[in-house]
Number of protein chains: 2
Amino acid sequence: MTTAAGRPSPGQVTIADVARHAGVAASTVSYVLSGKRAISAVTRDRVLASVRLLGYHPNAGARALASRRANVIALVLPLRAGMQVPVVMQFATAVVTTARAHDHDVLLVTSDEGPAGLRRIAASALVDGVLLMDVELHDPRVPLLRDLALPSVLIGFPADTAGLTCVDLDFHAAGGECVAHLAGLGHRRLALLGAPTAVYERGTGFAHRTRAGVREAADRHGVQVVTLPCGEGAVEVRRTLTELLDRHPDVSGLVVQNEAAVGPVLATLPALGRRVPDDVSVVAICPEEFAGHSSPALTCVPVPAEEVGRQAVSLLMGKLRGETGPEVTLLAPRLTVRDSTAAVPVVGVSDDR
Amino acid sequence: MTTAAGRPSPGQVTIADVARHAGVAASTVSYVLSGKRAISAVTRDRVLASVRLLGYHPNAGARALASRRANVIALVLPLRAGMQVPVVMQFATAVVTTARAHDHDVLLVTSDEGPAGLRRIAASALVDGVLLMDVELHDPRVPLLRDLALPSVLIGFPADTAGLTCVDLDFHAAGGECVAHLAGLGHRRLALLGAPTAVYERGTGFAHRTRAGVREAADRHGVQVVTLPCGEGAVEVRRTLTELLDRHPDVSGLVVQNEAAVGPVLATLPALGRRVPDDVSVVAICPEEFAGHSSPALTCVPVPAEEVGRQAVSLLMGKLRGETGPEVTLLAPRLTVRDSTAAVPVVGVSDDR
DNA sequence: GCCGGTTGTCGAAGCGCTTCGACAACCGTC
DNA sequence: GACGGTTGTCGAAGCGCTTCGACAACCGGC
C-alpha cells in the first residue's frame with residue numbers, strides 16, 4: 001500500500017477512512033468526536049459505529065499540529081535516586097491516573113534537565129502544561145515559568161508564589177499538629193528528626209516549612225524542641241539518635257519527617273534502651289503505608305500524595321481551559337493516632353498541694 | 001499577530017522564520033538540522049546561527065506528523081503503590097536519562113491501562129516504541145505486542161520470549177550465587193524469604209526465576225532450603241520469621257529478595273535472639289543502596305536497575321533503527337560480600353582422623 | 001570546450017487533523 | 001408563502017515539518 005506521495009503507509013486508520021466508511025465528510029467525523037458542533041443523532045451513531053469497527057484512534061501528531069494542543073502534560077520529577085522515593089511514586093501514579101481521566105498523557109521529565117528542559121518542552125509544543133515537583137525556595141525554574149507562558153502547577157512552594165499555582169500539604173501546620181499532639185500528652189522535651197542536611201541546604205520548601213511549624217508550635221505550647229537533620233539508612237539514624245539522646249537524655253517526644261528514617265528509628269530506639277511509646281513517643285510525617293505496617297503502628301500525619309497529585313492535575317486542567325484557580329492550595333494535615341505515642345509517665349506521683 | 005488563516009499565532013518560532021532569517025529555503029534548514037543531505041559549511045553555519053539566535057525548537061507535532069516518528073518512547077510501569085518502589089524509580093531514572101541522550105522523550109504509562117493502553121498508544125502514533133516493565137509469565141500484553149508491530153523491549157521475561165526482546169538481571173543465577181556463597185561458608189540449612197504471595201500468584205517472572213535458581217543451586221550444593229513468600233512491613237516480616245525459625249530452628253543462612261523486607265529482617269533477627277552474622281547469615285537481592293546503608297552492611301547481589309534501564313533503551317533505539325538485536329539479554333549477577341554473612345560456627349572442633 | 005557526475009539548494013507535495021465559512025434543508029411566523 | 005433563524009453537513013485551508021524530485025552550478029577528463 002502506498003500513499004499519493006508514493007511513501008509506504010502503515011496500517012494506520014485515518015479519519016478519512018472513517019469518513020468514507022460512514023459516508024460522511026472527514027470534518028463531520030471530527031465534530032462527532034470533539035462535540036464542538038451539533039451533529040444529528042443518526043449521523044453520530046453511524047460515525048461512532050465506524051470508529052469502533054475500524055478501531056480508529058486519532059493521530060496524536062496531526063491532532064496536536066492542527067489543534068495546537070498536544071493533550072500531554074509534563075511531569076517534572078526529582079529523580080535523584082533515593083529522594084523520598086515512595087511519595088514521589090504515589091504522586092506520579094495519581095498524576096498519571098488523573099491525567100488519563102482528563103484524556104491527557106504524561107511526559108516524564110527529570111529535574112536535572114533543569115530550565116533548559118522546560119524551555120525545550122515549551123518551544124516544541126510537546127506538552128500543554130507542566131507539573132513541577134521538588135520546588136526549591138529559590139528555584140531557577142520559577143522565573144522562567146513566569147516568562148514562558150506555559151501553564152504550570154507546582155507541588156511545593158517557592159519563596160514567592162505570586163502569579164503561580166501551588167499545591168501541597170500544609171507542612172507548617174503538620175509540624176504544628178505533631179507538636180500539639182505530643183505536648184497534649186504531657187511531653188515537654190521534643191526533637192524533630194528532619195530531612196537530610198542536603199535537603200535543607202537545597203532550600204527545599206517542605207523541610208523548612210515543617211521545621212518552622214514545629215518550632216513555632218513548640219513556643220506556643222511552651223515546650224522545648226531541638227531540630228536536627230537526619231540522614232538515611234540504619235547507620236546514619238543510629239548515629240543521629242545516639243548523639244541526640246546523649247545530649248538531651250530527657251527528650252521524650254520525637255517528630256520524624258524523613259520516611260527513610262522511620263523504620264530505622266523504630267528499630268534503633270529499643271536498642272538504645274528506649275521503649276516506644278513507654279519511654280519515647282514517636283510521631284511521623286510520612287506515607288500512610290509506612291506508618292500502618294510498622295511496629296508499633298505509628299501515630300502520624302500522612303503525606304497525602306495521591307490527593308496532591310489529583311489536585312495538581314485538576315488545577316492544571318483548569319488552567320488549560322483558561323480558568324484561573326487559586327494561587328495557593330494548602331491541604332490540611334490530619335493526624336492519625338496509633339500506638340507509638342503515649343502520655344508521658346508520671347514520675348513519682350506528687351500532688352504538691 | 002495572526003496567521004494567514006486569521007487564527008492568532010503564539011510566539012512560536014517556526015522553521016520558516018529561521019529560513020527567512022538565514023536567507024535559505026525551509027527545506028535547507030531541515031536538512032541542516034537532520035544532516036540527511038550534504039549542506040555547504042557556510043550555509044550550515046549561517047543556519048545554525050539563526051537557529052540559536054531565534055531560539056528555534058522544531059514543533060514536535062509537525063515533526064511527528066511529517067516524519068512519522070514521534071521521538072518519544074513509552075515507559076509502562078507497575079505503579080501499584082508499594083511495589084518494589086526504589087528499583088522502579090532507579091530504573092525510570094536511567095530510562096529517561098538514556099532516552100534523552102538519544103534525543104527521545106519518555107511517556108509515562110501505568111500498567112493498569114493494560115492492553116487497551118498499548119493499543120491506543122500504538123494507533124495514535126504517540127510513541128515510536130515501548131518499554132514494558134513488570135512482565136508476567138503469561139502477560140496478556142505480550143501477544144498484543146507481537147501483533148501490533150510496535151517496537152518494544154521487555155524488562156523481565158514472559159514464559160515464551162520468541163520474537164521479543166527482553167532484558168533483565170539473571171535472577172536464576174542470582175539465586176544460585178546466593179546459595180553458593182552460603183554453602184561455601186558451610187551453611188547446610190537455608191531459607192529464601194521471597195516476594196509477597198501476590199507477586200508469585202501474578203506469575204511475576206523474577207520471583208519465580210529466583211526461587212527456581214535457589215532450589216536448583218541448593219540441590220547442586222547438597223544443602224537444604226525452604227522457600228517462602230514474605231509480606232512487607234515490620235509486622236509481616238516478624239510473623240514470617242518467627243514461624244520460619246519455629247519450624248526450622250537450624251536455619252543458618254537466609255536469602256532475602258524482598259527489598260521492603262530487608263530492613264525489618266535485620267531489625268527482627270536480633271530481637272528473636274539471632275545475631276547477624278554470628279548466628280544467621282543474611283544475603284539479599286536488592287538495590288545496592290539498601291545493602292550499603294543497613295547495619296550490619298549486607299552481603300548482596302545488587303539489582304542493577306540503572307544498567308537494565310540503559311540497556312533496554314539502547315536495545316529499543318536499535319529496533320527503531322530497524323536493527324534486530326538479541327532476543328534475550330541476561331545481566332550476570334555480581335555478589336558483593338559485606339558483613340552480614342560469615343562462616344557457620346564450628347560446634348565442637350572434632351577433627352576425626 | 002563538451003560531457004557525465006557530483007554537490008548544494010530549492011519548491012512543492014503531502015503527513016492527518018481541526019476549524020472556518022458556506023450553504024442546503026428545514027423550522028415556525030406573520 | 002416569502003422570511004429570518006436554526007440545524008446539520010460539507011469543502012477547503014491550513015497547522016509546521018520532512019522528503020522527494022528537479023535542477024543550477026561546478027568539477028575534472030578527454
Side-chain angles (χ1 to χ4, degrees), chain A residues 1-47 51 54 56-71 123-126 128, chain B residues 1-47 51 54 56-71 123-126 128:
Chain A
M1 197 206 286
T2 56
T3 65
R7 268 181 281 165
S9 112
Q12 228 216 23
V13 181
T14 74
I15 200 173
D17 298 328
V18 175
R20 203 172 310 122
H21 186 270
V24 298
S27 52
T28 301
V29 175
S30 179
Y31 285 124
V32 166
L33 261 23
S34 71
K36 291 192 178 169
R37 280 200 183 173
I39 297 288
S40 67
V42 53
T43 307
R44 180 174 50 244
D45 291 349
R46 200 144 37 89
V47 168
V51 164
L54 302 180
Y56 170 69
H57 287 267
N59 178 294
R63 187 211 276 270
L65 181 56
S67 70
R68 303 173 154 292
R69 298 190 303 99
N71 273 255
S124 65
L126 240 184
D128 305 320
Chain B
M1 198 207 287
T2 56
T3 65
R7 267 180 284 165
S9 112
Q12 228 216 26
V13 181
T14 74
I15 199 171
D17 298 328
V18 176
R20 203 172 310 121
H21 186 269
V24 299
S27 51
T28 302
V29 175
S30 179
Y31 285 124
V32 166
L33 260 22
S34 70
K36 291 192 178 170
R37 280 201 184 172
I39 297 288
S40 69
V42 53
T43 306
R44 179 173 51 245
D45 291 348
R46 199 145 35 90
V47 168
V51 164
L54 302 181
Y56 170 69
H57 287 267
N59 178 294
R63 190 212 274 272
L65 181 56
S67 70
R68 304 174 153 291
R69 297 189 303 100
N71 273 254
S124 65
L126 241 185
D128 305 322

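Please read all numbers here as calculations on a predicted model, not as lab measurements.
In this structure, of D:dG16, D:dG14, D:dC17, it is D:dC17 that holds the atom nearest to the side chain of B:Y56. Which of C:dG11, C:dG8, D:dG16 sits closest to the side chain of B:S27 comes down to C:dG11. When the nucleotides D:dG11, C:dG11, C:dG16 are ranked by their closest atom to the side chain of A:L65, C:dG16 comes out on top. If you check D:dC17, C:dT9, C:dC17 against the side chain of B:N59, the one that comes closest is D:dC17.
Neither OP1 nor OP2 of D:dT7 sits under 4.0 Å from any side-chain N or O of A:S40. Note on B:T28: a side-chain N or O is less than 4.0 Å away from OP1 or OP2 of C:dC10.
For the pair A:Y31 OH and D:dT7 P, the computed distance is 16 Å after rounding to whole Å. As a whole-Å value, the separation of B:L54 CG from D:dG16 C1' is 15 Å. Going from atom CD1 of A:I15 over to atom P of C:dC17 covers 5 Å, rounded to whole Å. Nucleotide C:dC17 holds its P atom 9 Å from the CZ atom of A:R63, rounded to whole Å. For the pair B:L33 CG and C:dG8 C1', the interatomic distance rounds to 17 Å; values are reported in whole Å. Nucleotide C:dT9 holds its P atom 19 Å from the CZ atom of B:R20, rounded to whole Å. Look at NZ on B:K36: it is 8 Å from P on D:dT18, rounded to the nearest Å. Between the P atom of C:dC15 and the CG atom of B:N71 lies a distance of 20 Å, rounded to the nearest Å.
Pairing for C:dG8 goes to D:dC23, judged as Watson-Crick or G-U wobble with the two contacts each under 3.5 Å. Using N1 to N3 plus N6-O4 or O6-N4 for Watson-Crick, or N1-O2 and O6-N3 for G-U wobble, each under 3.5 Å, C:dC30 pairs with D:dG1.
For B:A62 and B:A38, each mapped to the nucleotide of DNA chain C holding its nearest heavy atom, the one lying further toward the 5' end belongs to B:A38.
For D:dG14, its base never sits under 3.5 Å from the side chain of A:R68 at any donor and acceptor pair. Side-chain atoms of A:R37 and base atoms of D:dT7 include no donor and acceptor less than 3.5 Å apart.
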Run the numbers on B:R69 and B:N71 for side chain to side chain contact (heavy atoms under 4.5 Å, CB included), then give the verdict. CA-CA 6 Å; B:R69 297 189 303 100; B:N71 273 254; 3.7 Å; yes
Applying side chain to side chain contact (heavy atoms under 4.5 Å, CB included) to A:D17 and A:R20, what does each step give before you reach the verdict? CA-CA 5 Å; A:D17 298 328; A:R20 203 172 310 122; 3.3 Å; yes
Please report the C-alpha distance between B:Y56 and B:I15 in whole Å, then the side-chain angles of each, then the deciding distance to 0.1 Å, and finally whether the side chain to side chain contact (heavy atoms under 4.5 Å, CB included) criterion is met. CA-CA 8 Å; B:Y56 170 69; B:I15 199 171; 3.6 Å; yes
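At a threshold of 4.0 angstrom between heavy atoms, the contacts of B:S30 include nucleobase atoms, whether or not backbone atoms are also involved.
Closest heavy-atom contact between B:V24 and B:R46: CG1-NH1, 4.2 Å.
A:S30 and A:S27 share no side-chain donor-acceptor pair at under 3.5 Å.
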